[in-house]
Amino acid sequence: MEVNYIHSFKNLNYKQCIEIQNKLIEKIELKPLNYTPEIVAGVDLSFFQEYSIAIIIVIDEKFNEIELVYHYQKTEFPYIPGLLAFRELPVFLEAWKKLKIKPDIVFFDGQGIAHPRKMGLATHGSYFINLPTIGIAKSRLYGTYEEPCKEKGCFSYLFDKNNEKIGIVLRTRKDVKPVFVSPGNYITINEAKDITLKYTLKYKIPEPTRLAHIYSQKIKNEKFKSG
DNA sequence: GCGACAG
DNA sequence: ATCTTGTCGC
């Protein structure tokens, strides 16, 4: 798939990254999707020594795996809370170029707007691929919330310092720690929640991201260990 | 100054 | 994320 524009982030300092994020805030469009996604992609990265491996898995409504692409290159940006996109997007976008099928929406392993500057991985990534995105995080980065009830489907809202909703704490499985769902872009908070549940089977992590994680581990082992 | 802090 | 064994519970 095509990429809007891309440049390495490796020479940016902390302050410059924050400036980029602040400039992109005004471009966020949390508008209704107005259609039901049928082709969904999941993204995840794994790391081995100095390398980063990004994989993208594409599935249809029946969870059939339609396409899988990956790309690995040397890691060129450290993990810094709040700046995850600068570390992961460059690798992801190289894998994205190899993708033939155009998904209706993309699930990222991290936050969307549930971020100090509303610029989590999923939101930042949406500008490069021009598609709706959802952030699925296993833990909280930013925001306050009440604990949702224990049944599958229970949820509570995540709020920022201005008491604005920035995401949902969603119980995707009974008696299991909830996931933090937030829209990346071009979708609403509630749609992100509904679509996440729709793509969740018997595990805590919804299928797109869960499968992406499994394959990123598998490819890492094939390329850097046994194979 | 101190604590928090996606992957 | 990654390094790593067993273990409690459905």
Side-chain angles (χ1 to χ4, degrees), chain A residues 9-10 14 17-18 20-21 24-25 28 42-57 70-93 95 106-126 133-145 150-152 158-161 166-185 189 192 196 201-206 208-226:
Chain A
F9 293 130
K10 63 180 174 183
Y14 188 82
C17 291
I18 302 298
I20 289 173
Q21 293 182 328
L24 291 174
I25 291 180
I28 296 174
V43 181
D44 189 46
L45 275 74
S46 60
F47 300 85
F48 181 71
Q49 296 180 352
E50 73 268 43
Y51 288 94
S52 298
I53 304 101
I55 90 100
I56 304 171
I57 177 77
Y70 68 86
H71 177 80
Y72 60 88
Q73 62 186 38
K74 289 198 172 180
T75 302
E76 51 184 34
F77 200 95
Y79 169 69
I80 299 173
L83 302 185
L84 184 63
F86 296 88
R87 174 178 172 82
E88 301 199 343
L89 287 182
V91 197
F92 155 69
L93 290 171
V106 180
F107 281 56
F108 281 88
D109 187 28
Q111 314 291 347
I113 62 169
H115 176 282
R117 292 165 295 282
K118 301 196 187 311
M119 205 49 60
L121 179 63
T123 307
H124 202 152
S126 73
T133 59
I134 295 179
I136 307 292
K138 295 178 289 296
S139 63
R140 185 202 74 104
L141 168 66
Y142 177 77
T144 57
Y145 66 96
K150 302 294 187 181
E151 296 300 313
K152 174 175 181 176
L158 243 189
F159 295 92
D160 65 13
K161 290 182 177 178
I166 56 174
I168 281 179
V169 184
L170 179 63
R171 196 81 67 180
T172 49
R173 184 175 170 171
K174 183 181 181 183
D175 296 325
V176 168
K177 299 266 285 181
V179 293
F180 295 74
V181 179
S182 58
N185 214 341
I189 290 178
T196 295
L201 293 180
K202 52 185 296 190
Y203 304 99
K204 165 183 172 177
I205 305 299
T209 302
R210 194 182 72 84
L211 292 172
H213 185 258
I214 291 173
Y215 280 114
S216 70
Q217 294 296 317
K218 181 178 178 182
I219 291 171
K220 178 184 68 176
N221 291 328
E222 290 177 353
K223 291 296 169 184
F224 297 92
K225 298 186 177 178
S226 56

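Lettering follows sequence order; numbering is per chain, from 1.
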Check whether any side-chain N or O of A:Tyr79 sits under 4.0 Å from OP1 or OP2 of B:dA6, and answer yes or no.
-> yes
Touch check for A:Leu83, heavy atoms < 4.0 angstrom, all strands: base, sugar-phosphate only, or nothing?
-> base
Here the distance between atom C1' of C:dT2 and atom CD of A:Gln49, to the nearest Å, is 11 Å
Heavy-atom distance under 4.5 Å between the side chains of A:Ile20 and A:His124, does that happen here?
-> yes
Over how many whole Å does the gap from A:Glu50 atom CD to C:dA1 atom P extend?
-> 19 Å
Nearest whole angstrom, please: distance from the P of C:dA1 to the CG of A:Asp44.
-> 7 Å
Does C:dC10 have OP1 or OP2 sitting under 4.0 Å from an N or O in the side chain of A:Lys174?
-> no
Between B:dA6, C:dA1, B:dG7, spot the one nearest the side chain of A:Leu121, thanks.
-> B:dA6
Ring centres of A:Tyr215 and A:Tyr70 under 6.0 Å apart?
-> no
Starting at atom CZ of A:Arg117, determine the distance to atom P of B:dA4, rounded to an integer number of angstrom.
-> 19 Å
Before giving the answer on side-chain contact (heavy atoms from CB on, under 4.5 Å), spell out for A:Tyr51 and A:Lys74 the whole-Å C-alpha distance, their side-chain angles and the decisive distance to 0.1 Å.
-> CA-CA 4 Å; A:Tyr51 288 94; A:Lys74 289 198 172 180; 3.6 Å; yes
Choose from C:dA1, B:dG7, B:dC5 the nucleotide whose nearest atom is closest to any side-chain atom of A:Phe47.
-> C:dA1
Is the phosphate of B:dG7, meaning OP1 or OP2, less than 4.0 Å from a side-chain N or O of A:Lys138?
-> yes
Pair A:Tyr72 + A:Phe48: ring centers closer than 6.0 Å | no
With respect to the phosphate group of B:dG7, does any side-chain polar atom (N or O) of A:Ser139 fall under 4.0 Å of OP1 or OP2?
-> yes
In whole angstroms, how far is the C1' atom of B:dA4 from the NZ atom of A:Lys161?
-> 10 Å
Protein-nucleotide distance (A:Ile55, atom CD1; C:dA1, atom P), rounded to Å | 14 Å
Please work out if A:Gly135 contacts a base, only the sugar-phosphate, or nothing of the nucleic acid, heavy-atom cut-off 4.0 Å.
-> nothing
Roughly, in whole Å, what's the span from CG in A:Leu89 to P in B:dG7?
-> 15 Å
Working to the nearest 0.5 Å, report the span between CG of A:Leu93 and CD1 of A:Ile56.
-> 8.0 Å
Between A:His213 and C:dA1, does any side-chain N or O lie under 4.0 Å from OP1 or OP2?
-> yes
Provide, to the nearest angstrom, the distance between the CZ atom belonging to A:Phe108 and the C1' atom belonging to B:dG7.
-> 13 Å
Presence of A:Gln217 side-chain N/O under 4.0 Å of C:dT2 phosphate oxygens OP1/OP2 | yes
Does A:Arg140 put a side-chain nitrogen or oxygen below 4.0 Å from OP1 or OP2 of B:dC5?
-> yes
